[in-house]
Participant: 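Please see the structure below; I have some questions.
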Amino acid sequence: MTNNNEYKSFNIDQFYKKYLKGPIIFKNRNALAPSYIPVELPHRDKEIEEIAGKTACALRGDTPPNMLCYGMTGTGKTATIRYVSHKIAQHTKTNVPWWIYINCSIISTPYRILAHIYNTIIGSEKIPPTGLPKDVIFKNLLGLLDYKIKDSICFLVLDEIDMIANGRGGNEILYDLTRLNENLDSCRTSLIGISNKLKFKDSLDPRVISSLGKDHITFPVYNAKELGDILDKRAKIAFNDDVLKEGVISLCAALAAKEHGDARKALQLLRKAGEIAERFQNKNVSREHVNKAQFELERDHTIDYIKGMPLQAQLVLTSIYLLSLYNKNNVIISGDVYEIHSELTNKMPGVRSLTRRRISDYINNLVLAGIITAEKKSMGKYGATKIIKLCDDPSFLGKILESIDKIKEGLNHSPSLIQKNKIRINNNVFRKLN
DNA sequence: TATCCACAGGAAATCAGGGTGT
DNA sequence: ACACCCTGATTTCCTGTGGATA
């Protein structure tokens with residue numbers, strides 16, 4: 001926009017015209033969406049059979065056992081449950097069972113779980129997001145279940161159940177939910193927990209394990225060939241004929257198989273590859289599109305994650321970024337991060353500085369998100385620390401941080417540690433590492 | 001070999017901000 | 001207005017930890 005002669009604006013009308021004239025890649029792109037329920041689920045026969053076996057008694061009005069489903073992300077746990085629920089509904093004429101899905105990573109507190117179940121059944125937001133005592137909601141819920149789901153079954157599917165099991169009051173709510181039936185007259189409930197952490201059972205109360213953990217189904221990861229089959233079937237629905245070039249599906253499958261056989265990832269890759277081909281108005285989707293898709297997915301995920309982080313987390317990351325600028329080895333220690341963070345927050349009105357303990361948590365979250373790595377290291381006399389490294393190129397990170405208004409200014413901050421030329425302990429760290 | 005540094009990270013308490021019914 | 005509730009973020013308190021150093 002600096003030079004009026006050279007500036008050429010994006011012509012949106014022309015773009016749409018060209019788009020509509022261009023090649024049509026997708027027939028039904030929804031078939032690659034995570035929410036899509038396919039007509040058949042390849043390579044999940046054993047799991048379908050097990051779940052169908054355990055839930056079949058609902059057709060005759062009996063109470064199915066509570067159960068747990070284990071498996072890594074993208075192994076088809078949720079898809080299988082949804083699939084079975086559809087099938088059950090097809091085979092019932094009266095008293096169709098209710099299925100209430102609760103994603104515990106979003107609906108993550110005991111109160112909200114109860115409120116969500118209640119509001120789903122009644123079909124409105126009658127229970128407010130906060131304010132009422134839990135036991136009041138619990139009592140209301142019992143009454144509602146008996147009144148509205150008379151003589152039928154209500155399946156409560158708790159997806160990512162591990163998110164609440166170790167939180168405050170997590171065991172209590174799970175215990176209450178497993179014991180719902182004892183307080184109900186005509187309605188019956190059945191709990192299905194879904195977890196991708198095999199070890200999560202350890203954090204459960206023995207009382208909960210005794211009623212929830214008896215029946216469990218483990219979902220194995222898909223291998224590359226199985227992923228290929230899944231993609232093949234979906235691709236036939238999603239793409240127009242002859243759009244996919246040779247080797248596209250096998251590449252998606254191979255890339256996803258590397259990441260513990262994650263079918264969701266494989267489908268995402270295929271979809272993104274298609275979208276990239278579409279964007280460039282190409283007639284076919286090629287292996288290059290898949291590689292580009294892989295790159296873009298990772299990049300998009302990082303950008304979205306960082307932009308969505310709370311301000312304090314962004315400031316912790318900014319501190320790490322600033323240190324990395326002055327540090328060729330890309331080696332940063334937690335103590336320095338704490339100091340820079342304090343300096344940054346002192347300059348920002350309305351933003352308070354945090355304790356070391358809290359910074360430590362934020363650092364751990366950044367590790368979980370794959371933005372940094374942190375390795376615990378003892379330096380003997382010089383204490384212990386975490387050696388932090390950025391996973392991505394610092395300039396890439398810099399661009400993201402610069403696009404966040406509140407952070408922008410902080411990027412000009414020159415850390416006093418650097419000014420005083422005293423990245424004290426770092427010197428010791430370098431000596432050890434080199 | 002004992003000491004000791006500078007932090008890690010678990011558990012519980014606290015606070016502020018949203019809400020409720022009476 | 002009041003007593004009470006729930007939640008997420010944070011602090012406070014605390015017990016490890018591992019290897020360089022005296």
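Every chain is numbered from 1 and lettered A, B, ... according to where its sequence line falls, protein lines coming before strand lines.
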Participant: Under 4.0 Å between any heavy atoms, over every strand shown, what does Tyr338(A) touch: base, sugar-phosphate, or nothing? Just pick one.
Facilitator: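 Tyr338(A): no heavy atom of the nucleic acid under 4.0 Å.
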Participant: Whether Thr109(A) contacts dT7(C) is assessed here as follows: a side-chain N or O lying under 4.0 Å from the phosphate OP1 or OP2. Is that the case?
Facilitator: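 For dT7(C), OP1/OP2 do have a side-chain N/O of Thr109(A) under 4.0 Å.
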Participant: Just how far is it from atom CD1 of Ile81(A) to atom CD1 of Ile48(A), taken to the nearest 0.5 Å?
Facilitator: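 Answer rounded to 0.5 Å: 10.5 Å.
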Participant: Rounded to whole Å, please give me the gap between CD1 in Ile107(A) and P in dC6(C).
Facilitator: 18 Å
Participant: Atom CD1 of Ile359(A) to atom P of dA9(C): distance rounded to whole Å?
Facilitator: 15 Å
Participant: Take the protein atom NZ of Lys126(A) and the nucleotide atom P of dG19(B), then report the distance between them rounded to whole Å.
Facilitator: 19 Å
Participant: What is the separation between atom CZ on Arg112(A) and atom P on dC5(C), rounded to the nearest whole Å?
Facilitator: 18 Å
Participant: Verify whether one side chain among His260(A) and Thr73(A) offers a donor that lies under 3.5 Å from an acceptor in the other.
Facilitator: yes
Participant: Please determine whether a side-chain nitrogen or oxygen atom of Lys386(A) lies at a distance below 4.0 Å from atom OP1 or OP2 of dG9(B).
Facilitator: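 Checking dG9(B) against Lys386(A), a side-chain N or O does come within under 4.0 Å of OP1 or OP2.
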Participant: Tell me whether the OP1 or OP2 atom of dT11(C) has a side-chain N or O from Arg358(A) closer than 4.0 Å.
Facilitator: no
Participant: Record whether the side chain of Arg357(A) comes under 3.5 Å of the base of dG10(B) through a donor-acceptor pair of N or O atoms.
Facilitator: yes
Participant: I need the CG-C1' distance between Leu315(A) and dA9(C), as an integer number of Å.
Facilitator: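 In whole Å, dA9(C) C1' and Leu315(A) CG are 15 Å from each other.
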Participant: Write down the distance between OH (Tyr111(A)) and P (dT20(B)), rounded to a whole number of angstrom.
Facilitator: 8 Å
Participant: Does a side-chain N or O of Tyr362(A) approach OP1 or OP2 of dA9(C) to a distance below 4.0 Å, or not?
Facilitator: no
Participant: Just checking Asn364(A): base, sugar-phosphate only, or nothing, at a heavy-atom cut-off of under 4.0 Å?
Facilitator: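 Sugar-phosphate: the residue Asn364(A), judged by heavy atoms under 4.0 Å, touches backbone atoms but no base.
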Participant: Is there side-chain contact between Ile194(A) and Ile161(A), with at least one heavy-atom pair below 4.5 Å?
Facilitator: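 In short, these two side chains do not touch, never coming nearer than 4.5 Å.
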Participant: Between Thr130(A) and dT7(C), is there a side-chain N or O to OP1/OP2 distance below 4.0 Å?
Facilitator: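 For dT7(C), neither OP1 nor OP2 has a side-chain N or O of Thr130(A) closer than 4.0 Å.
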Participant: Between dT10(C) atom P and His341(A) atom NE2, what is the distance in whole Å?
Facilitator: 9 Å
Participant: Let me know the distance between CD1 of Ile387(A) and C1' of dA8(B), rounded to the nearest Å.
Facilitator: 14 Å
Participant: In terms of the angle between their ring planes, are Phe155(A) and Trp99(A) parallel, tilted or perpendicular, with boundaries placed at 30° and 60°?
Facilitator: parallel
Participant: Look at atom OH of Tyr19(A) and say whether more than 12 heavy atoms of other residues, nucleotides or ligands are closer to it than 6.0 Å.
Facilitator: no
Participant: Among dT17(C), dG9(B), dT12(C), find the nucleotide with the atom closest to the side chain of Ala384(A).
Facilitator: dT17(C)
Participant: Is there a side-chain contact between Ser108(A) and the phosphate of dG8(C), meaning an N or O under 4.0 Å from OP1 or OP2?
Facilitator: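 Result: yes.
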Participant: Think Arg356(A) has a side-chain N or O under 4.0 angstrom from the OP1 or OP2 of dC14(C)?
Facilitator: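 It does not, given that no N or O in the side chain of Arg356(A) lies less than 4.0 Å from OP1 or OP2 of dC14(C).
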